[in-house]
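Okay, so here's the structure we're looking at.
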Amino acid sequence: MKNSDKWPLLLLEWFSKNRRPLPWRSEGKRDPYAVWVSEVMSQQTKVETVKPYYESWMEQFPSVAELAAADEQDVLRQWQGLGYYSRAKNLLTAVREVQNKYGGVIPSEKAELLTLKGVGDYTAGAISSLAYNRPVAAVDGNVLRVLARLYKIEENILSTNVKKEVTRLVESQIPPGRAGDFNEALMEFGAVICIPKYPRCSDCPLADFCEAKAAGMETVLPVRLASKKQTEEKYAVLVCRRNKSVLVRQRPDRGLLASMWEFPAVRGEEGRAEEKLKDLMASVGISVFIEPEIVMKIKHVFSHKKWHLSVYEGQYTGGNLTEKEKWQWLPVCEYTSLPWAGPHGKITALLS
DNA sequence: GAGGCGTGGCT
DNA sequence: TAGCCAAGCCT
């Protein structure tokens, strides 16, 4: 038996009664910029985590024009602690394109939105439907899970096949004129009722239409491929002082913690760590005396890896920085002005 | 298609 | 504890 078409209206009814008040939700028409910011922040991130970042962000960068004019370091500083920092960099790039190419007006069509940096299929659908009420799907992890259960989809939900099928299903079920509410309701429903491990079927208004529940498979579905085991990374880190300053460097502009600041580090901890740190300093023109003992050991699970950091202290003994762009002596009283993240954020505690 | 990319809460 | 998972996107 195929699923009844009744569930979309029941879902909308449930949503109208159970809509959580969120800072980016307002009655009536929604500001496309506010939708965009909240959607990007919400990628792989819980609502509760996003809230304070969103509010502070909108105070500092209240519009496309103001964000477009912002400095990247200030933008990263606002994003510090939220994770997936390429989101912030891509958002800045994309907002600048909107400002220059579209006169500051965020496009409403999915195809145009998709050309923007950091805007993929989900986010394009979300902006187009939530802000402009266009009848397109916005398929995220919640929607995949909810539909996989409602329609008893037993394939791996991470496959492109399932994603296409779910997109088609959602778009075929959008109640006329209600695309924005419908997409948001699906996500909210997935976050509150049709939750991952043990869905709250006793509170579910759609239980009668759920094929997974009918088959007793509500805790089996959705099927998702196993993730890989976390690996280990070992680094020796140097806190190098000179009077009241400390030596820091900016990471490369892509990859892990792109463009964020850190204490210089070399891979590997056992043996030769002090030598390798000295070589690293020498490569940028600085000679340093390194204390032989490790002053701090940090174990930090981060970016799907287990990181072991051995922190050394050093004193500047001579030389001048040859790489002025990515390296700098930072007065200790100013380190909070730079964006830090990951395990290196913990080391700043040594400075105070 | 697979792997890289953060962080925090929950089990 | 170690693993799983959460409003994904880029390469």
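Residue numbers begin at 1 in each chain, while the letters A, B, ... track the order of the sequences.
Each of Asn161(A) and His304(A) was matched to the nucleotide of DNA chain B holding its nearest heavy atom; the match closer to the 5' end belongs to Asn161(A). Residue whose closest nucleotide on DNA chain C sits further toward the 5' end, between Lys299(A) and Gln43(A): Lys299(A). Mapping Trp340(A) and Lys197(A) onto DNA chain B by nearest heavy atom places Trp340(A) closer to the 5' end of the strand.
For Asn133(A), the side-chain contact (heavy atoms from CB on, under 4.5 Å) criterion is met by Ala179(A), not counting sequence neighbours.
Under a 4.0 Å N-O distance rule, the pair Asp203(A)/Arg200(A) qualifies as a salt bridge. For the pair Glu55(A) and Lys51(A), the salt-bridge criterion is not met [side-chain N within less than 4.0 Å of a carboxylate O]. Ion pair Arg30(A)/Glu184(A) flagged as a salt bridge, since at least one NZ, NE, NH1 or NH2 atom sits closer than 4.0 Å to an Asp/Glu carboxylate oxygen. Checked for salt-bridge contact, Arg149(A) and Glu211(A) miss the test: no charged N lies under 4.0 Å from a carboxylate O. Using a 4.0 Å cut-off between charged side-chain N and carboxylate O, Arg178(A) and Asp181(A) make a salt bridge.
In this structure a side-chain-to-backbone donor-acceptor pair under 3.5 Å is missing from Lys326(A) to Glu323(A).
To the nearest angstrom, P of dC10(C) lies 7 Å from NZ of Lys117(A). Atom CZ in Arg254(A) sits roughly 9 Å away from atom C1' in dC10(C) (whole-Å rounding). Distance, Met41(A) CE to dC9(C) C1': 17 Å, rounded to whole Å. Computed from coordinates, the Arg224(A) CZ to dA6(C) C1' distance equals 9 Å when rounded to whole Å. At whole-Å resolution of the value, CG in Leu221(A) and P in dC5(C) are 13 Å apart. Following rounding to the nearest Å, Gln44(A) (CD) and dA6(C) (P) show an atom-to-atom distance of 8 Å.
Here the side chains of Val332(A) and Ser245(A) are not in contact, with every heavy-atom distance at 4.5 Å or above. Using a 4.5 Å heavy-atom cutoff, the side chains of Trp340(A) and Thr348(A) are in contact.
The local environment of CD in Glu325(A) is sparse, with at most 12 non-hydrogen atoms from other residues, nucleotides or ligands closer than 6.0 Å. More than 12 heavy atoms of other shown residues, nucleotides or ligands fall within 6.0 angstrom of atom CD in Glu293(A). Environment of CG in Asp71(A): crowded, with over 12 heavy atoms of neighbouring residues, nucleotides or ligands closer than 6.0 Å.
Ala138(A) comes within 4.0 angstrom of nothing in the nucleic acid, heavy atoms only. Among the atoms of the strands shown, base atoms are found under 4.0 Å from some heavy atom of Ser303(A). Looking at heavy-atom distances under 4.0 Å, Ser38(A) makes no contact with the nucleic acid at all. At a threshold of 4.0 angstrom between heavy atoms, the contacts of Lys305(A) are confined to the sugar-phosphate backbone, with no base atom among them.
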Discussion item. Reading 5' to 3' and counting Watson-Crick or G-U wobble pairs with both distances under 3.5 Å, write the dot-bracket notation for DNA chain C, | for bases paired outside the strand.
Written reply: .|||||.||||
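One finds no side-chain N or O of Arg145(A) lying less than 4.0 angstrom from the OP1 or OP2 phosphate oxygen of dC5(C).
Taking atom P on both dG3(B) and dC4(C), the two are 15 Å apart, rounded to the nearest angstrom. A distance of about 22 Å separates the P atoms of dC9(C) and dG8(B), rounded to the whole Å.
One finds the CD atom of Gln328(A) at 6.0 Å from the CG atom of Leu338(A) (value rounded to the nearest 0.5 Å). Note that CG of Leu186(A) and CD of Glu188(A) are 11.0 Å apart. Values are rounded to the nearest 0.5 Å.
Within residues 76-93 of chain A, the residues that place at least one heavy atom under 4.0 Å from DNA chain C are, in residue-number order, Asn90(A). Within a heavy-atom distance below 4.0 Å of DNA chain C, the residues of residues 14-25 of chain A found are Arg20(A), Leu22(A), Trp24(A), Arg25(A). Listed in residue order, the members of residues 118-125 of chain A having a heavy atom less than 4.0 Å from DNA chain C are Gly118(A), Val119(A), Gly120(A), Asp121(A), Tyr122(A), Thr123(A).
Across Phe61(A), Trp24(A), Trp36(A), a single residue satisfies ring-ring contact (aromatic ring centres under 6.0 Å, His included) together with Tyr54(A), and that is Trp24(A).
With 3.5 Å as the limit, one finds no donor-acceptor pair spanning the side chains of Ser259(A) and Asp253(A).
At least one cation-pi condition fails for Arg251(A) and Trp261(A): the charged atom is not both under 6.0 angstrom from the six-membered ring centre and inside a 45 degree cone around its axis.
Nucleotides of DNA chain B that come within less than 4.0 Å of any heavy atom of chain A span, from the 5' end to the 3' end, dG1(B) to dT7(B).
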